[in-house]
Amino acid sequence: MEDEGSPEELRQRRKASSSEPHNAKHSEKDIRNVGKSARCVALQRFAKLFVGCLVTITSGMMYAVYLSTYHERKFWFSSRRDLEREITFQGGGAVYYSFYKDMLRAPSFERGVFELAYNNRTVPMKTINAVQQMTLYPELLASALYQMSGSQGVVDPVYFYIGIIFGLQGIYISALFVTSWIMSGTWLAGMLTAAWFIINRTDTTRMEDSIPLRENWALPYFACQVAALTGFLRNNRNLSAERICYLFMCASTYTFIMMWEYSHYLLFIQALSLCLLDGLSLVKKEKVHEVQKMYLFSVFLGYLLQFENSALLTSPLLSLVIGSMIAKSLQISVKKGTFRAKVMKIMYFYLAFTIAVSLHLLIRTLVPHKENYQILKSLEVKFGLNITKNFTVNWLLCQESFQPPSQDYLIRLTQSSLLPFYILVLIICLFSISQGIFKRFLGQPVHCNATPEEGQVGEKPEVIYHVIQSLLLGFLAMSFEG
């Protein structure tokens, strides 16, 4: 018989055999605990998302209801006659609403568009395309919705008209809410943003002055575009969410261009911010390239559907996007790691802006346009780069919207605690961004998915984009009251 071993070895074998079922029970418990914890985390995320979405929708709806109630109590709107209601649309608002009424009086939608495209009643002894020159696409949309929804005889046309604008303002608040939520990771920041927007509404919107203004129709779409762009720039692992953000960004950008004749100037500031991000390698170049393609598509589609509006072709947005794309292609064609590649990276800004300015001058020579010429000329005179005796330019510079804001503007922002909080957060973000740029310069790894608790928010592309755009818009806000 074979030797079965010493008594000590037999005892160890028995202990090992008896401990195997015990270890198996422990492993099963660990698996169950991991499954329970994963379900708890998923449930917490769903609850957080559900509550945040609920608060977002509620904030937008409450703001729309507030605007409607405020407008009713300010003008006693429901107790006035139709003509008196139109008078409450101050400035050029009543003119826009009159075109909306013309569309409803027309025998058909197509006939109404034709009469506005060949309008001979607005300007005496002259036929103009009122749809193109006065940007009446909001009125076309409102009249089409009024007729398609079967609201004739159910809702007064004027209430339907202002109701759409109030609803868009609610969407405006919701988009700002979502933007802050995406950047901060908590919907509480969205509530703070919505509260400050409403508190400072005299400086953030002109809804109280005149409801039908083009900006009141357009800026909600721009806020939606910024929210989608913020989600797109974020380093997402979910490709489907990134595609949804991109599609939503394309749709809102095109709609924004169609709703406001000055939309391309605001998009130019946005494109300039992205160009700076791309030049400093603070964002993935593929994403910037996709956004630039979106700009080109929206501008050319808007050009075609706005009766070949030459203002879009001569806009600085188109020249900057094409110039930066050409400069980037020259930079990519050079082999990486070489001395020539490093020189091209430094020369990127010079090439982009040189090509953009040259292309802009060439397009303005081939496609002259009075509107862009007068506005750009006004900006040149405003900043002391040129002088002119042109009556229209000097008249624009005398308008209140072209004057620098008064001290009351800064006092109001300070009293609402917005300005001190903004300056504090801006300083923190600029310091964090400087650290991130320094790390990239030294070749150290950068954590793009950093959280606010880690103190590295300045390394997130969406935060850097908002900081740069905020500085550019802040400069304009301190230069022009409008």
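Everything numeric in this text was worked out from a predicted model, so none of it was measured.
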**Asked** For E215 and Y262, does a side-chain donor sit closer than 3.5 Å to a side-chain acceptor?
**Response**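 Side chains of E215 and Y262: no pair found under 3.5 Å.
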**Modelled atom types, side-chain donor and acceptor of Q132 and E308, under 3.5 Å** =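 No.
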Ignoring hydrogens, what is the shortest heavy-atom contact between [X] and [Y]? Give both atom names and the distance.
X	Y	value
T230	V226	OG1-O, 2.7 Å
N200	R412	OD1-O, 4.0 Å
P212	I165	CA-CD1, 4.0 Å
P420	T414	CD-CA, 4.1 Å
C224	A175	N-CB, 3.7 Å
L104	P157	CD1-CB, 3.6 Å

**Prompt:** Is the F177 ring parallel, tilted or perpendicular to the W181 ring (thresholds 30°, 60°)?
**Reply:**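 If you compare the ring of F177 with that of W181, the planes turn out perpendicular.
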Considering only heavy atoms from C-beta outward, does the side chain of [X] approach that of [Y] to under 4.5 Å?
X	Y	result
I211	F166	yes
L410	P405	no
P404	F480	no
L141	M259	yes
R234	P461	no
Q306	Y137	yes

Sub-3.5 Å donor-acceptor pair from the side chain of [X] to the main-chain atoms of [Y], do we have one?
X	Y	value
S479	F475	yes
T135	V131	no
S210	R206	no

**Prompt:** Between Y100 and Y96, is the gap from one ring center to the other below 6.0 Å?
**Reply:**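 Judged by ring-centre distance (under 6.0 Å), Y100 and Y96 do not meet the cut-off.
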**Prompt:** Centres of the Y172 and F197 rings: under 6.0 Å?
**Reply:**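 That pair passes the under 6.0 Å test.
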**Message:** Test salt bridge (Lys or Arg N to Asp or Glu O under 4.0 Å) on E242 and K287; report intermediate values, then the result.
**Reply:** CA-CA 10 Å; E242 200 170 278; K287 291 190 175 183; 3.3 Å; yes
Do other residues, nucleotides or ligands put more than 12 heavy atoms under 6.0 Å from the [atom1] atom of [X]?
X	atom1	value
Y422	OH	yes
K126	NZ	no
E286	CD	yes

**Prompt:** Under the 6.0 Å and 45° cation-pi test, does R80 pair with F75?
**Reply:**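 Output no; distance or angle outside limits.
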**Request:** Output, in order, the C-alpha distance, side-chain angles, deciding distance and verdict of side-chain contact (heavy atoms from CB on, under 4.5 Å) for F160 and S149.
**Result:** CA-CA 11 Å; F160 188 86; S149 62; 3.9 Å; yes
**Prompt:** Could you walk me through whether L471 and L430 pass the side-chain contact (heavy atoms from CB on, under 4.5 Å) check?
**Reply:** CA-CA 11 Å; L471 290 173; L430 287 176; 4.3 Å; yes
**Request:** Decide yes or no on side-chain contact (heavy atoms from CB on, under 4.5 Å) for Y63 and I198, but give the supporting numbers first.
**Result:** CA-CA 8 Å; Y63 182 61; I198 297 172; 3.7 Å; yes
**Pair K285 + D278, salt bridge at N-O below 4.0 Å** =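 D278 and K285: not salt-bridged.
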**Asked** Hey, which of Y265, F256, Y254, W260 is the one that makes ring-ring contact (aromatic ring centres under 6.0 Å, His included) with F222?
**Response**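 Passing option: F256.
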**Request:** Would you list the pairs meeting side-chain hydrogen bond (donor to acceptor under 3.5 Å, both in side chains) in which at least one residue belongs to residues 156-168, sequence neighbours left out?
**Result:**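 The answer is R85-D156, E139-Y161.
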**Asked** Can you tell me how far CG of L274 sits from CD1 of I269, rounded to the nearest 0.5 angstrom?
**Response**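 Reported to 0.5 Å precision, the distance equals 12.5 Å.
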**Request:** Report the C-alpha distance between E115 and D102 in whole Å, list the side-chain angles of each, state the deciding distance to 0.1 Å, and finish with yes or no for side-chain contact (heavy atoms from CB on, under 4.5 Å).
**Result:** CA-CA 9 Å; E115 291 178 355; D102 292 341; 5.8 Å; no
**Pairs involving residues 294-326, ordered by first then second residue, that meet ring pair (Phe, Tyr, Trp, His ring centres under 6.0 Å) (sequence neighbours left out)** =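 Not a single pair qualifies under ring pair (Phe, Tyr, Trp, His ring centres under 6.0 Å).
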